[in-house]
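Keep in mind it's a predicted model, so treat the numbers as computed, not measured.
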Amino acid sequence: MQKIILASLLSAAAAFAPSTSSGKAVTALNAEKSPAIPFLPYPENLKGYVGDDVAFDPLRISDYFPMDYLRESELKHGRICQMAVVGFITVDLGFVVHPLGQGLTSATAHDTMVENGVMGNALVFIGFLELVSYIAVSEMLQGSGREPGDFGFGNKFLEGMSEDEVKTMKYKELANGRLAMMAFGGMVTQSVLYDKGFPYF
């Protein structure tokens, strides 16, 4: 019984002894922080990519998926939304491409086009483009050296630019794509909720 009491007293006293791992705690506190969210650590997998100066990855998605794949997805969705914003506004201003679109707004066109089978055709073409583009993405993930989002279109506009200028242009595309994703979501929401065309308020 005396040994048990002595052991319990010693273990209680050990709890108040100075810690020998204080160096690790200081290192963790002094770790590089994300400029976008200063109380979170810097997401290491973003280093070397355009936009690494902001380092916005609060959910640490880049720890679980290849960064090339994530950047490819972000660029693709940004480009699609930039076109979608222009298309959405164009239809609401009265420009009609398909004969069944007469008198429709962007918000009401979807249901009419689905009923008439037009959206099925669009799905086939989009599916074909996705299949073809995945070949390039797959090769990139296997180490082909292809940069995310590079399909060989528009590269001539970068000719004659310095490395910093090219990086600036890539950053602008990324920022504009992010803005377009937010803008398209807002436009669709406003258009459907309030049944209003451009400018949606």
#### Entry: Any pair counted as salt bridge (charged side-chain N to carboxylate O under 4.0 Å, His left out), so long as it reaches residues 128-142, sequence neighbours left out
Lys76-Glu130

So, for [X] and [Y], which heavy atoms are closest and what is the spacing to 0.1 Å?
X: Phe151; Y: Arg146; value: CZ-NH2, 3.3 Å
X: Leu75; Y: Gly149; value: CD1-CA, 3.9 Å
X: Asn45; Y: Asp63; value: ND2-OD1, 3.4 Å
X: Gly78; Y: Ala180; value: O-CB, 4.2 Å
X: Leu104; Y: Ala109; value: CD1-CA, 3.9 Å
X: Leu46; Y: Met67; value: CD2-CE, 3.2 Å

### Message
Would Phe201 and Lys196 count as a side chain to side chain contact (heavy atoms under 4.5 Å, CB included) here? Give the steps.
### Response
CA-CA 7 Å; Phe201 57 84; Lys196 297 202 178 223; 5.8 Å; no

Answer yes when [X] and [Y] have at least one side-chain N-carboxylate O distance shorter than 4.0 Å, and no when they do not.
X: Arg79; Y: Glu74; value: no
X: Glu147; Y: Arg71; value: no
X: Glu44; Y: Arg60; value: no

### Atom CE of Met113: over 12 foreign heavy atoms under 6.0 Å
yes

### Query
For atom CG of Asp53, is the number of surrounding heavy atoms from other residues, nucleotides or ligands below 6.0 Å larger than 12?
yes

### Query
Quick one: hydrophobic cluster around Met187, which other residues, with the 4.5 Å side-chain cut-off, linked directly or via members?
Val85, Phe88, Ile89, Leu93, Phe95, Phe184, Val188, Val192, Phe198, Tyr200

### Task
Evaluate the side chain to side chain contact (heavy atoms under 4.5 Å, CB included) criterion for residues Met119 and Leu123: first the C-alpha distance (whole Å), next the side-chain angles of each, then the deciding distance (0.1 Å), finally the verdict.
CA-CA 6 Å; Met119 298 300 268; Leu123 181 63; over 6 Å; no

### Message
What verdict does the side chain to side chain contact (heavy atoms under 4.5 Å, CB included) test give for Val118 and Leu100, after you've listed the backbone C-alpha separation in whole Å, the side-chain angles of each residue and the deciding distance to 0.1 Å?
### Response
CA-CA 9 Å; Val118 177; Leu100 294 173; 3.9 Å; yes

### Task
Using the ring of Tyr42 (Phe, Tyr or Trp, six-membered ring only), decide whether Lys47 places NZ or CZ under 6.0 Å from its centre and within 45 degrees of its axis.
yes

### Message
Using a 6.0 Å distance limit plus a 45 degree cone around the ring axis, check whether Arg178 lies over the aromatic ring of Phe56.
### Response
no

Distance in Å, [X] [atom1] paired with [Y] [atom2], rounded so as to fall on 0.5 Å steps:
X: Met140; Y: Glu72; atom1: CE; atom2: CD; answer: 4.5 Å
X: Leu158; Y: Lys170; atom1: CG; atom2: NZ; answer: 7.0 Å
X: Phe39; Y: Ile37; atom1: CZ; atom2: CD1; answer: 5.5 Å
X: Asp68; Y: Ser73; atom1: CG; atom2: OG; answer: 10.5 Å

#### Entry: Check: Asp57/Ser62 side-chain N/O donor and acceptor closer than 3.5 Å
yes

